[in-house]
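All remarks here apply to the structure that follows.
Each chain gets a letter, A, B and so on, in the order its sequence line appears, and its residues count up from 1. In what follows, every heavy atom counts, from backbone to side chain, and hydrogens, waters and symmetry copies are set aside.
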There are 2 protein chains.
Amino acid sequence: MQPSGKQLSTTQRAVHLLREMIFRGDLAAGSDHLESELAVRLEMSRTPIREAALTLESQGLLELRPRKGVRILPVSPDDMEEIYDVLTELECLAARRAAEANYSRHDLKALAAAIENMEHALEIKDLENWAKSDDLFHRELVRLGQNSRAFSVFEMMNDQVRRARSVTLFMRPLPVQSNEDHRQLYEAIAKGDATRAVEIHRDHRQNAKHMMLDLLSKHRLNSV
Amino acid sequence: MQPSGKQLSTTQRAVHLLREMIFRGDLAAGSDHLESELAVRLEMSRTPIREAALTLESQGLLELRPRKGVRILPVSPDDMEEIYDVLTELECLAARRAAEANYSRHDLKALAAAIENMEHALEIKDLENWAKSDDLFHRELVRLGQNSRAFSVFEMMNDQVRRARSVTLFMRPLPVQSNEDHRQLYEAIAKGDATRAVEIHRDHRQNAKHMMLDLLSKHRLNSV
DNA sequence: GCATTCATTTGCGTATGCATTAAATAATGC
DNA sequence: GCATTATTTAATGCATACGCAAATGAATGC
């Protein structure tokens with residue numbers, strides 16, 4: 001993801017490490033952690049921890065609560081609904097722009113590859129890899145939309161979806177329809193049919209939202 | 001805007017002050033400023049300045065460039081196009097949700113008031129106040145959409161629009177059509193006609209985008 | 001002159017120190 | 001006992017200190 005030869009600053013490392021700890025549940029949703037505690041844990045001073053926390057706060061992953069430490073934000077079903085609604089609009093915008101952009105099949109290679117991977121993962125029932133490729137597909141779609149702001153908001157929101165998915169992935173039925181949708185979207189974009197691309201994708205996302213909300217409602221914790 | 005009795009922290013003050021300085025052009029777009037320089041200017045230490053800068057960076061107002069100081073980000077026509085596209089989607093989402101929400105006329109009071117103010121301001125050709133009310137209208141619309149994430153992204157992007165508008169406001173023709181659009185949108189929402197609300201507002205925003213891009217292209221600086 | 005190397009400056013990234021103040025605990029009055 | 005106030009504790013917010021590395025400028029070689 002970042003093959004830059006530059007060696008990253010302590011603050012950047014803190015951001016990465018904290019993100020990972022949050023995603024793998026090492027820092028549980030809803031839990032509180034003192035800055036100083038995190039500092040010793042990551043073997044650095046409070047300063048980079050604080051700066052990283054500020055960054056992550058603006059990304060909606062945690063919250064700084066004076067004297068209570070940083071709180072890892074849980075994602076409730078209501079939050080998920082908001083997130084999916086925003087994602088739907090941004091991805092549909094991307095789908096429309098991508099369809100209008102007259103991309104060649106070659107330009108859409110990454111999109112096609114993601115579909116292939118998903119189909120293969122689906123065949124061997126490798127959900128982890130399916131999810132990874134699905135993610136890649138959506139990210140590539142938004143990238144093709146050529147709107148850097150939409151992209152960065154997408155990434156922020158998508159982070160939260162990934163978090164929720166880590167809990168719901170194995171509760172859901174096999175995503176056969178999902179793969180079908182992706183293929184149709186790909187075709188619509190390749191053909192330059194913007195209206196259809198948006199139509200397909202809006203449905204696709206709306207279904208995903210309902211699926212997610214349904215699964216979350218069945219989940220004992222009901223927030224992640 | 002914030003009548004809270006709490007007295008705000010130095011960092012928060014720094015955020016507010018820097019924002020104001022940026023909006024009033026006191027810190028010009030494209031200019032660089034050393035952290036230490038800003039610190040003496042705001043009469044505080046570098047720490048809150050840095051923290052504020054980090055926050056503003058995540059809001060897209062400036063950029064921290066090691067050894068070159070914080071750079072106030074200019075907004076180019078390309079940026080504006082991206083921003084308007086995102087705003088269009090988020091506001092249309094809000095319009096749809098607002099229409100679906102079965103709001104009473106009473107709930108829509110603030111929206112109506114904003115329209116009245118805009119019409120009055122238009123009559124007496126008070127563009128400053130027209131812009132202020134227009135802003136309020138859009139913000140209220142998104143608020144009615146009841147999606148806090150959409151709202152905060154909206155606010156971020158809208159900040160940039162305000163910045164650009166401060167330069168283009170007096171170049172544009174009187175916004176008569178704009179007011180007409182607002183009234184129609186209000187009616188569609190009040191009647192619960194989501195499809196029409198979206199339709200109207202998408203057009204409205206698309207027109208605004210083109211107007212803005214057109215004005216910017218005529219502007220000597222061509223970025224703000 | 002021009003390029004290259006070396007010395008110097010300086011801004012930032014990080015660490016550390018400290019005052020403030022919210023929270024927690026103990027103490028007091030009823 | 002219970003409520004209220006005083007006292008202590010401790011985490012933060014901010015200031016300050018400092019080393020490093022980038023940028024600048026001087027000095028040297030060609």
Side-chain angles (χ1 to χ4, degrees), chain A residues 2-22 26-74, chain B residues 2-22 26-74:
Chain A
Q2 196 170 32
S4 122
K6 298 213 176 189
Q7 99 157 10
L8 24 127
S9 73
T10 312
T11 299
Q12 291 171 285
R13 267 178 42 226
V15 170
H16 284 126
L17 291 172
L18 289 176
R19 278 178 60 93
E20 278 179 17
M21 289 165 82
I22 292 172
D26 201 348
L27 299 178
S31 60
D32 292 326
H33 307 270
L34 297 180
E35 293 175 3
S36 40
E37 175 201 312
L38 292 172
V40 301
R41 221 157 134 184
L42 301 193
E43 296 175 292
M44 53 184 71
S45 85
R46 265 182 58 222
T47 307
I49 295 289
R50 241 186 105 74
E51 294 196 351
L54 247 9
T55 301
L56 295 174
E57 178 173 49
S58 78
Q59 290 172 13
L61 285 178
L62 50 84
E63 189 187 19
L64 279 130
R65 303 196 309 172
R67 302 185 186 271
K68 304 204 163 179
V70 308
R71 176 183 181 74
I72 311 303
L73 287 181
Chain B
Q2 195 171 34
S4 125
K6 299 216 174 186
Q7 102 156 8
L8 23 125
S9 72
T10 312
T11 300
Q12 289 172 286
R13 268 180 40 228
V15 171
H16 283 128
L17 291 172
L18 289 176
R19 278 179 60 92
E20 278 178 19
M21 289 164 82
I22 293 171
D26 200 348
L27 300 178
S31 61
D32 292 327
H33 307 270
L34 298 182
E35 293 175 4
S36 41
E37 174 202 312
L38 292 172
V40 301
R41 222 158 134 183
L42 301 193
E43 294 175 295
M44 53 184 71
S45 84
R46 261 183 61 222
T47 308
I49 297 288
R50 241 185 104 72
E51 294 195 350
L54 246 9
T55 301
L56 295 174
E57 177 173 49
S58 78
Q59 289 172 14
L61 285 178
L62 50 82
E63 187 186 21
L64 279 123
R65 301 194 312 171
R67 316 204 161 259
K68 305 204 163 178
V70 308
R71 176 184 181 75
I72 311 302
L73 286 181

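Between A/L18 and A/L42 the shortest side-chain heavy-atom distance falls below 4.5 Å. Side chains of B/L27 and B/R41 form a contact here, defined as non-hydrogen atoms less than 4.5 Å apart. Using a 4.5 Å heavy-atom cutoff, the side chains of A/H33 and A/I49 are not in contact.
Distance B/L54 CG to C/dC12 C1': 13 Å, rounded to the nearest Å. A straight line from CD of B/E51 to P of D/dA15 spans 10 Å, rounded to a whole angstrom.
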- Spell out protein contact along nucleotides 20-26 of chain C as letters: B when the base is contacted, S when just the sugar-phosphate is, - when no protein heavy atom is under 4.0 Å; keep the 5' to 3' order. BBSS---
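For B/E20, the side chain to side chain contact (heavy atoms under 4.5 Å, CB included) test picks out B/R24, with sequence neighbours left out. Under the salt bridge (charged side-chain N to carboxylate O under 4.0 Å, His left out) criterion, B/E35 pairs with B/R46, B/R50, not counting sequence neighbours.
For the segment residues 27-39 of chain A, residues with any heavy atom less than 4.0 angstrom from an atom of DNA chain D are, sorted by number, A/L34, A/E35. The stretch residues 40-50 of chain B touches DNA chain C through B/R46, B/R50, each having a heavy atom under 4.0 angstrom from the strand.
Taking both residues in full, the closest heavy atoms of B/P74 and B/A29 are given as CA-CB, 3.8 Å, listed atom of the first, atom of the second, then distance.
OP1 or OP2 of D/dC14 has at least one side-chain nitrogen or oxygen of B/T10 nearer than 4.0 Å.
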- Message: Apply side-chain contact (heavy atoms from CB on, under 4.5 Å) to residues A/I22 and A/R19 and explain how you reach the verdict.
- Response: CA-CA 5 Å; A/I22 292 172; A/R19 278 178 60 93; 5.8 Å; no
In a table with atom names and distances, give each donor-acceptor pair under 3.5 Å that connects a side chain of residues 61-73 of chain A to protein atoms at least two apart or in another chain.
from: A/R65; atom 1: NH2; to: A/D32; atom 2: OD2; distance (Å): 3.2
from: A/R71; atom 1: NH1; to: A/G30; atom 2: O; distance (Å): 3.1

